[in-house]
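Heads up: the structure comes next, in structure tokens.
Nothing here was measured: the structure is a model prediction, and the numbers come from that model.
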Amino acid sequence: MPQAAWNKKRERQYEHVKDSEKKQGRSDRRAEEIAARTVNKERARSGESRTSSRSSTKDISSGRRGGKRSGSEPGGRTRDQLYNEARQKNVKGRSKMSKAELEKAVGRR
């Protein structure tokens with residue numbers, strides 16, 4: 001899926017991220033999607049793309065973040081991620097819950 005706008009560095013980055021995602025058990029299609037999004041976000045952050053979203057340029061970079069939002073580290077998922085899961089599980093009173101209360105309500109931590 002490398003694009004014409006990508007340089008050699010971005011193509012290598014794409015392959016590296018795609019291989020890493022496959023090793024984590026993602027399907028080929030999902031691994032390609034994650035890799036392309038990662039590369040495009042890094043391109044936007046460094047000014048290589050014509051357009052970029054505010055979250056692409058203001059958010060912590062994916063390299064520095066290192067999975068902090070994946071739920072695998074202390075602190076785990078964000079409050080918004082927990083809230084969405086609580087909504088899917090029809091948890092009552094979720095809109096007024098703190099992050100800790102949402103973690104208990106969804107029962108994963």
Considering all heavy atoms of both residues, which atom of K96 and which atom of E101 are nearest to each other, and what is their separation? O-OE1, 4.0 Å
What are the two closest heavy atoms between A105 and V91, and how far apart are they? CB-CG1, 3.9 Å
Quick one: side-chain contact (heavy atoms from CB on, under 4.5 Å) partners of R12, sequence neighbours excluded? K8, K9
Side chains of N84 and R87: is there a donor and an acceptor less than 3.5 Å apart? yes
What's the verdict on salt bridge (Lys or Arg N to Asp or Glu O under 4.0 Å) for K18 and E21, showing C-alpha distance, side-chain angles and the deciding distance? CA-CA 5 Å; K18 185 172 83 169; E21 293 298 323; over 6 Å; no
Taking atom CZ of R10 and atom CD of E15, what is their separation to the nearest 0.5 Å? 14.5 Å
The reported gap from OG in S98 to NZ in K104 (rounded to nearest 0.5 angstrom) is 8.0 Å
Donor-acceptor pair, E85 side chain versus L82 backbone, under 3.5 Å? no
Qualifying residues under side-chain contact (heavy atoms from CB on, under 4.5 Å), relative to R79, sequence neighbours excluded: Y83, K99, L102
Y14 side, atom OH; I34 side, atom CD1 - distance, nearest 0.5 Å: 11.0 Å
Write down the atom of W6, the atom of V39, and the distance for their closest heavy-atom approach. CE2-CG1, 3.6 Å
Spatial distance of atom CD (E32) from atom CZ (R37) [nearest 0.5 Å]: 13.0 Å
Work out which heavy atom in A31 is nearest to a heavy atom in K22; give both atom names and the distance. CB-CG, 3.9 Å
Is the backbone of H16 close enough, under 3.5 Å, to the side chain of S20 for a donor and an acceptor to pair up by distance? no
Start with the C-alpha distance between R29 and E33, add both sets of side-chain angles, then the distance that settles salt bridge (Lys or Arg N to Asp or Glu O under 4.0 Å), and finish with yes or no. CA-CA 6 Å; R29 186 174 179 165; E33 178 185 354; over 6 Å; no
In Å and rounded to the nearest 0.5 Å, what is the NZ to CE distance from K92 to M97? 11.0 Å
With rounding to the nearest 0.5 Å, note down the distance linking CD in Q13 to CG in N7. 9.5 Å
